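What follows is a set of notes on a single structure, which appears directly below.
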Amino acid sequence: MDLGIAGRKAIVCASSRGLGRACAHRLAEAGCEVVINGLNRERLEAAAADMRKATGAKITAVAADVSTADGQKALFAACPEPDILVNNNAGPPFRDFRELDRQKMLDGVVANMVVAIELTQKAIDPMIAKKFGRIVNITSGSVKMPLVGLDLSSGARAGLTAFMAGVARSVAASNVTINFLLPGAIDTDRLRSNIEANARKQGIPVDQAAATRAASIPAKRFGTPDDLGAACAFLCSAHAGYITGQSLLIDGGAFPGVM
Ligand SMILES: NC(=O)c1ccc[n+]([C@@H]2O[C@H](COP(=O)([O-])OP(=O)(O)OC[C@H]3O[C@@H](n4cnc5c(N)ncnc54)[C@H](OP(=O)(O)O)[C@@H]3O)[C@@H](O)[C@H]2O)c1
């Protein structure tokens with residue numbers, strides 16, 4: 001399918017690995033110019049080189065912490081008026097909620113809620129003027145389904161979802177959409193490190209912990225980053241202009257409800 005976004009400019013935050021990288025790759029494949037981002041410069045440059053080779057697209061690598069004002073400035077210096085913004089960031093570690101002091105809570109809310117709002121503030125007015133804009137926020141299946149130990153992540157991301165609900169309606173008439181992708185268990189470094197930590201806690205081999213987790217998913221497998229990347233590219237496409245304010249689970253059926 002031609003997604004109708006060739007030549008569009010995209011910023012994909014936190015995209016040198018994992019879910020962000022899969023989104024960036026699919027957008028590059030669709031003909032977008034893409035700014036990718038990460039902390040580790042070497043890994044980021046390698047990802048950019050791979051993406052250029054595979055897609056022929058213009059890829060600009062911005063090594064910066066997306067949670068900081070300077071990092072955000074660097075992203076927008078590389079692409080002042082993006083048509084597409086994919087908000088993504090690292091998630092907080094597993095922790096009993098009793099261990100969260102005020103600073104940790106504030107940091108989690110900044111990383112998984114405030115940063116996406118700040119970036120949206122910077123991107124949205126030119127999108128409205130151009131009558132085209134696509135904003136996709138990578139959140140988590142835990143917004144809908146509790147995950148004990150990831151309470152801060154769930155709370156901050158649910159806050160972002162509610163915050164953006166009104167914003168999405170306020171810009172819908174300008175063909176600017178704001179949606180949410182909710183990953184379940186997708187096979188990335190982050191998932192692997194969570195499974196390893198779990199296996200250590202339970203004193204079982206990592207392979208056993210991974211197999212048990214995968215078996216608990218109706219699809220009987222972990223998702224691939226591309227399962228999410230492809231959905232992201234569709235939500236950013238010319239065809240998705242009538243979809244806004246929606247949360248799309250990419251979880252192999254793990255969420256047990258119908259709505
Ligand atoms: N994978 C899943 O199953 C799953 C499920 C639910 C929610 N999520 C959420 O989805 C998001 C992405 O997860 P993932 O699995 O793709 O993680 P990942 O494989 O660990 O990749 C994280 C990416 O974010 C970059 N990054 C981290 N902190 C950054 C910062 N402050 N500024 C700029 N870039 C930064 C990393 O760059 P470096 O390479 O430089 O470190 C890397 O490219 C996370 O918020 C995670 O909690 C994931």
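One-based numbering, in listed order, for ligands and for the atoms of each. Just so it is clear, the structure is predicted and the values come from calculations on it, not from any experiment.
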Check ligand 1 against [X] and write out every atom of the ligand that is under 4.0 Å from a heavy-atom position of the residue.
X: D65; value: 30 (C), 31 (N), 32 (N)
X: T139; value: 7 (C), 9 (C)
X: N88; value: 11 (C), 12 (C)
X: G91; value: 44 (C), 45 (O), 47 (O)
X: S140; value: 6 (C), 7 (C)
X: N89; value: 11 (C), 28 (N), 29 (C), 30 (C), 31 (N), 44 (C), 45 (O)
X: R43; value: 38 (P), 39 (O), 41 (O)
X: G18; value: 16 (O), 19 (O)

Examine [X] against ligand 1 and note whether any of their N/O atoms are separated by less than 3.5 Å.
X: L191; value: no
X: I186; value: yes
X: G38; value: no
X: L39; value: yes

With a 4.5 Å heavy-atom cut-off, do [X] and [Y] have their side chains touching?
X: L39; Y: L44; value: no
X: R17; Y: R43; value: yes
X: I135; Y: I124; value: yes
X: P225; Y: I186; value: yes
X: D226; Y: R26; value: yes
X: C236; Y: V136; value: yes
X: K104; Y: E99; value: no
X: S140; Y: L182; value: no

Shortest protein contact, [atom] (heavy atom only):
atom: atom 13 (O) of ligand 1; answer: L19 CD1, 4.0 Å
atom: atom 8 (N) of ligand 1; answer: P183 CG, 3.9 Å
atom: atom 14 (P) of ligand 1; answer: T188 OG1, 3.7 Å
atom: atom 32 (N) of ligand 1; answer: V66 N, 3.0 Å
atom: atom 4 (C) of ligand 1; answer: G184 O, 3.8 Å
atom: atom 40 (O) of ligand 1; answer: N40 N, 2.6 Å
atom: atom 17 (O) of ligand 1; answer: R190 CB, 3.6 Å
atom: atom 23 (C) of ligand 1; answer: A14 O, 3.7 Å

Donor + acceptor pair across side chains of S154, S142 (<3.5 Å):
yes
Pair D83 + K9, salt bridge at N-O below 4.0 Å
no
Using a 4.0 Å heavy-atom threshold (strictly under), name the region of [X] that reaches ligand 1: side chain, backbone, both or neither.
X: A185; result: backbone
X: R17; result: both
X: E42; result: neither
X: A64; result: backbone

Under the criterion side-chain contact (heavy atoms from CB on, under 4.5 Å), which of I36, L27, L75, V86 is the partner of I11?
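Only one of I36, L27, L75, V86 forms a side-chain contact (heavy atoms from CB on, under 4.5 Å) with I11, namely L75.
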Ignoring hydrogens, what is the shortest heavy-atom contact between C23 and I138? Give both atom names and the distance.
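Taking C23 first and I138 second, the nearest heavy atoms are SG-CD1, 4.0 Å.
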Should one rank C13, G20, S16 by closest heavy-atom distance to atom 43 (O) of ligand 1, which comes out on top?
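Going through C13, G20, S16 one by one, S16 has the nearest heavy atom to atom 43 (O) of ligand 1.
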So which of C23, A90, S15 gets nearest to atom 28 (N) of ligand 1, if we judge by its closest heavy atom?
A90
Show the atom names and distances, to 0.1 Å, of all donor-acceptor pairs under 3.5 Å that link a side chain in residues 54-62 to residues at least two apart or in another chain.
unit_1 : atom_1 : unit_2 : atom_2 : d
T55    : OG1    : M51    : O      : 2.6
T55    : OG1    : A57    : N      : 3.1

Report yes or no: does N37 contribute a side-chain atom to a donor-acceptor pair with the main-chain N or O of A64 at less than 3.5 Å?
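Yes, the answer is positive, given that a donor and an acceptor are paired below the 3.5 Å cut-off.
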Face-on cation placement of R95 at F97 ring, 6.0 Å and 45° thresholds:
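Relative to the ring axis of F97, which defines the angle, R95 lies outside at least one limit.
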Only distances under 3.5 Å count here; give the side-chain donor-acceptor pairs of residues 199-216 to other protein atoms, sequence neighbours excluded, each with its distance to 0.1 Å.
unit_1 : atom_1 : unit_2 : atom_2 : d
T212   : OG1    : Q208   : O      : 2.8
S216   : OG     : R213   : O      : 2.6

So is Q72 close enough to ligand 1, meaning a heavy atom under 4.0 angstrom away?
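No, Q72 has no heavy atoms under 4.0 Å from ligand 1.
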